[in-house]
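Structure first, then comments.
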Amino acid sequence: MESQKPMAPKPAVAAAVKKEEKISNIRGIKNAFIVILCCAAAAVCIFLFGMGYGGNFEGGTTDGHPLNLAGTVYKGGFIVPILMTLLLTVIVLSVERWIALSSAAGKGNTSKFVADIKADLAANKIDAAMQRCKNQKGSVASVVYNTLVRYKEMDANTTLSKEQKLTTLRNEVEEATALEMPSLSQNLPILATLTTLGTLVGLLGTVMGMIKSFQALAASGSPDSTELSTGISEALVNTAFGIATGAFAVIFYNFYTNKIDNLSYAIDEIGFSIVATFAATHK
């Protein structure tokens, strides 16, 4: 028997293989738990060896009265390193999201890229638009590129009806967008959680500090001024850390959410343009 020759790949299969080409390269931290552990270790070291340094207190020990702000913060108690961990986590993840979303935006201005792609579509320069996506990179370019690959596939297809082709293009836009969105919003839920958690932990430290203050006032005889000041310091320091953590988390979360919304709007706009162009140029 003659050996059978391997069948050549069908055009649709070839297009599918080509479609898997990665245009966007979003950099980011995949495991935020490692970030939290590193921030916790850094916070404990700063608290024990930096703020707890003997030179920050009278008598050279932590039992003495604090001589500076570092010593005062140390008097905030064990809640301080927890709050420092949360604050450092907010800062690190905010920087990480800045890097990730900067890479997701691609090279150049996104609005100009969208306008150039729409101009290429109007002139029926599909290959030029695909090359522009490769040069731009980023999430918007990735979605557009994958959709244009499907566009060319539908353009060469002679079996499907026009409505079926339009439906396929719309589904391609939605699928490509769904694949990109998780990378854009990664770690943002943690920032959203820290907006509330930081404030609540700070409030817990405040309450514990006030309890110590009232215990000093309730002591028999004259109140112990050292214990009283320690309790007040603990309350105020924890309040400050909690407010700072919550404020930073809210600001960065809203800022990055807005950037993601802008990218999503660009994807929706250009996806609609691709479908509308196909509908206008095909019977």
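In this text, all values refer to a predicted model and were calculated from it rather than measured experimentally.
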| task | Starting from the C-alpha separation in whole Å, work towards a yes-or-no answer on side-chain contact (heavy atoms from CB on, under 4.5 Å) for Gln164 and Met154. | result | CA-CA 9 Å; Gln164 289 175 320; Met154 292 297 100; over 6 Å; no

Which value, rounded to the nearest 0.5 Å, describes the distance between [X] atom [atom1] and [Y] atom [atom2]?
X: Glu174; Y: Thr147; atom1: CD; atom2: OG1; result: 10.5 Å
X: Lys112; Y: Ile117; atom1: NZ; atom2: CD1; result: 10.5 Å
X: Asn124; Y: Thr277; atom1: CG; atom2: OG1; result: 9.0 Å
X: Ile99; Y: Leu101; atom1: CD1; atom2: CG; result: 10.5 Å
X: Arg150; Y: Asp155; atom1: CZ; atom2: CG; result: 13.5 Å
X: Leu166; Y: Ile274; atom1: CG; atom2: CD1; result: 12.5 Å

Side chains of residues 76-90: which donor-acceptor pairs under 3.5 Å do they make with residues two or more places apart or in other chains?
{"unit_1": "Thr85", "atom_1": "OG1", "unit_2": "Pro81", "atom_2": "O", "d": "2.8"}
{"unit_1": "Thr89", "atom_1": "OG1", "unit_2": "Thr85", "atom_2": "O", "d": "2.7"}

Shortest non-hydrogen contact from [X] toward [Y]:
X: Lys118; Y: Ser273; answer: CE-OG, 3.5 Å
X: Ala129; Y: Leu148; answer: CB-CD1, 3.7 Å
X: Thr110; Y: Ala105; answer: OG1-O, 3.6 Å
X: Cys39; Y: Val92; answer: SG-CG2, 3.9 Å
X: Gln136; Y: Asn109; answer: NE2-O, 4.3 Å
X: Leu67; Y: Gly55; answer: CD1-O, 3.8 Å

Got [X] and [Y] here, is their nearest side-chain heavy-atom distance under 4.5 Å?
X: Asn56; Y: Pro66; result: no
X: Gln186; Y: Arg97; result: yes
X: Val144; Y: Met130; result: no
X: Tyr265; Y: Asp261; result: no
X: Lys134; Y: Gln131; result: yes
X: Ser142; Y: Asn146; result: yes
X: Val237; Y: Lys75; result: no

| task | Examine Ile46 and Tyr53 and state if one hydrophobic cluster contains both, with Ile, Leu, Val, Met, Phe, Trp and Tyr joined whenever side-chain heavy atoms are less than 4.5 Å apart. | result | no

| query | Does Asp127 pair with Lys152 as a salt bridge, N-O distance under 4.0 Å? | reply | yes

| Other residues, nucleotides, ligands: >12 heavy atoms within 6.0 Å of Lys125 NZ | no

| request: Give the intermediate values and the outcome of side-chain contact (heavy atoms from CB on, under 4.5 Å) for residues Val114 and Glu269. | output: CA-CA 8 Å; Val114 172; Glu269 179 184 3; 4.0 Å; yes

Please list every donor-acceptor pair under 3.5 Å in which a side-chain atom of residues 190-205 meets a protein atom from a residue at least two apart or in another chain.
{"unit_1": "Thr193", "atom_1": "OG1", "unit_2": "Pro189", "atom_2": "O", "d": "2.9"}
{"unit_1": "Thr195", "atom_1": "OG1", "unit_2": "Ala192", "atom_2": "O", "d": "2.4"}
{"unit_1": "Thr199", "atom_1": "OG1", "unit_2": "Thr195", "atom_2": "O", "d": "3.3"}

| request: Could you check whether the rings of Tyr74 and Phe57 sit parallel, tilted or perpendicular, using 30° and 60° as the cut-offs? | output: perpendicular

| task | Please assess Phe47 against Val73 for the test side-chain contact (heavy atoms from CB on, under 4.5 Å), listing each intermediate value before the final yes or no. | result | CA-CA 9 Å; Phe47 179 74; Val73 173; 5.8 Å; no

| task | Please determine, by modelled atom types, if Asn171 and Glu175 share a side-chain donor-acceptor pair under 3.5 angstrom. | result | no

| Is a side-chain donor-acceptor pair under 3.5 Å present for Asn262 with Ser264? | no

| said: Determine whether Leu263 and Leu184 satisfy the following criterion, side-chain contact (heavy atoms from CB on, under 4.5 Å), listing intermediate values before the conclusion. | reply: CA-CA 9 Å; Leu263 290 175; Leu184 297 178; 4.1 Å; yes

Could you give the side-chain donor-acceptor pairs of residues 248-258 under 3.5 Å, partners two or more places apart or in another chain?
{"unit_1": "Asn254", "atom_1": "ND2", "unit_2": "Val250", "atom_2": "O", "d": "3.2"}
{"unit_1": "Tyr256", "atom_1": "OH", "unit_2": "Ser94", "atom_2": "O", "d": "2.6"}
{"unit_1": "Thr257", "atom_1": "OG1", "unit_2": "Tyr253", "atom_2": "O", "d": "2.7"}

| field | Stepwise side chain to side chain donor-acceptor pair (under 3.5 Å) check, Glu153 with Asn157 | value | CA-CA 6 Å; Glu153 182 182 336; Asn157 189 296; 5.8 Å; no

